[in-house]
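Predicted model only: the values in this text are computed from it and were never measured.
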Amino acid sequence: MEDRGVRLNKFIADSGYCSRREADRLIAEGRVWIDGRAGGLGDRVEPGMEVLVDGRALAGRCEKVYIALNKPVGIVCTADPREPMNVVDYLGYPERVFPIGRLDKDSQGLLLLTSDGEIVNRILRAAGRHEKEYEVVIDRPVTPSFVEKMSAGVPILDTVTLPCRVRRTGERSFNIVLVQGLNRQIRRMCEALGCRVVSLRRVRIMNIRLGGLKPGQWRMLTAAELSELMRRLEGKNKGRE
């Protein structure tokens, strides 16, 4: 017989409280209760059931929002309220949202935030295969040799970065398109080649572009952007199965 209701982690994500991955952690820590008992990772929520997270009742599925923010330098990509410069408090959106992925504290540019825990899960499953584009300024001239080495792959963090697209845009600036997201990847790649990043700005994630947003400004994704993003995610996640 077909199971009724939805899985507990999906119910929490659909409510906009957090991502599915974070919901699994909360459940494992015993912070989620269903109808007066501790919830388990395999539990399902049926209509009329009460779900509490840290004593707070969840209302179930909510209207989802998708935000593009030009994150300023100094803001940290976390929803953790213990971090005084966390991006959620900085944004100040009236509903609960959380960042999709990360962008270094010292970097600025495009960051996506959402109340949709499901899309976070889908993007994480596709991680390492969707394009992210950056504009970078370094402290020395960008030479043909530098471009060639960055494009081919650079040894960092006990691995070699995947081939990527690099284009010189000025005497000390270049554009780079990555398909992976190692910790502080561009900065580490530049350091390995003997230079230092002066400024770094992300201008695109997949089909979503920063456009004319100034640091600190944000906008909702358009219906066309969201439709194309979902289409690309579906294709990538099917390819992974």
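Looking at Lys149, its side chain never comes within 3.5 Å of a backbone N or O of Gly153 through a donor-acceptor pair.
For Glu131 and Arg165, the salt-bridge test passes: some basic side-chain N is under 4.0 Å from an acidic carboxylate O. Look at Arg188 and Glu191 and you find no salt bridge, because none of the NZ, NE, NH1 or NH2 atoms lies under 4.0 Å from a carboxylate O. With respect to Asp54 and Arg56, no salt bridge is recorded, no charged nitrogen being found less than 4.0 Å from a carboxylate O. Arg202 and Asp104 are not joined by a salt bridge, as no carboxylate oxygen comes within less than 4.0 angstrom of a charged side-chain nitrogen. Between Arg219 and Glu225 there is a salt bridge, with a side-chain nitrogen of the basic residue lying less than 4.0 Å from a carboxylate oxygen of the acidic one.
Using a 4.5 Å cut-off on side-chain heavy atoms (C-beta onward), Ile27 and Ile12 make contact. Contact annotation: the side chain of Ser173 never approaches that of Val136 to less than 4.5 Å [non-hydrogen atoms, C-beta and beyond]. A heavy-atom distance below 4.5 Å is found between the side chains of Tyr134 and Leu200. Between Leu26 and Tyr17, the closest side-chain pair of non-hydrogen atoms falls below 4.5 Å. Within the 4.5 Å cutoff, side-chain heavy atoms of Val154 are placed close to those of Leu193. You'll find the side chain of Leu52 stays beyond 4.5 Å of the side chain of Leu58, heavy atoms only. Side-chain contact between Leu210 and Arg201 is present, with at least one heavy-atom pair separated by less than 4.5 Å. For the pair Arg31 and Arg25, the minimum side-chain heavy-atom distance is below 4.5 Å.
Side-chain N/O atoms of Asp116 and Tyr66 include a donor and acceptor closer than 3.5 Å. A donor atom on one side chain and an acceptor atom on the other are found under 3.5 Å apart for Ser107 and Arg187. Remark: the Asp80 side chain and the Asn86 side chain contain no N/O donor-acceptor pair separated by less than 3.5 Å.
Taking hydrophobic clusters as Ile, Leu, Val, Met, Phe, Trp and Tyr residues chained together by side-chain heavy-atom distances below 4.5 Å, Leu91 does not share a cluster with Ile100. Follow the hydrophobic side-chain contacts under 4.5 Å out from Met220 and you reach Leu69 in the same cluster. Under the 4.5 Å side-chain heavy-atom criterion for Ile, Leu, Val, Met, Phe, Trp and Tyr, Val179 and Phe174 are members of distinct hydrophobic clusters.
Sorted by first and then second residue, the ring-ring contact (aromatic ring centres under 6.0 Å, His included) pairs with a member in residues 176-214 form an empty list; sequence neighbours excluded.
Between Arg204 and Glu133 the shortest heavy-atom distance is NE-OE1, 2.8 Å.
Other cluster members for Val198: Val137, joined by side-chain heavy-atom distances under 4.5 Å among Ile, Leu, Val, Met, Phe, Trp and Tyr.
With a 6.0 Å radius and a threshold of 12 heavy atoms from other residues, nucleotides or ligands, Glu29 has its CD atom above the threshold.
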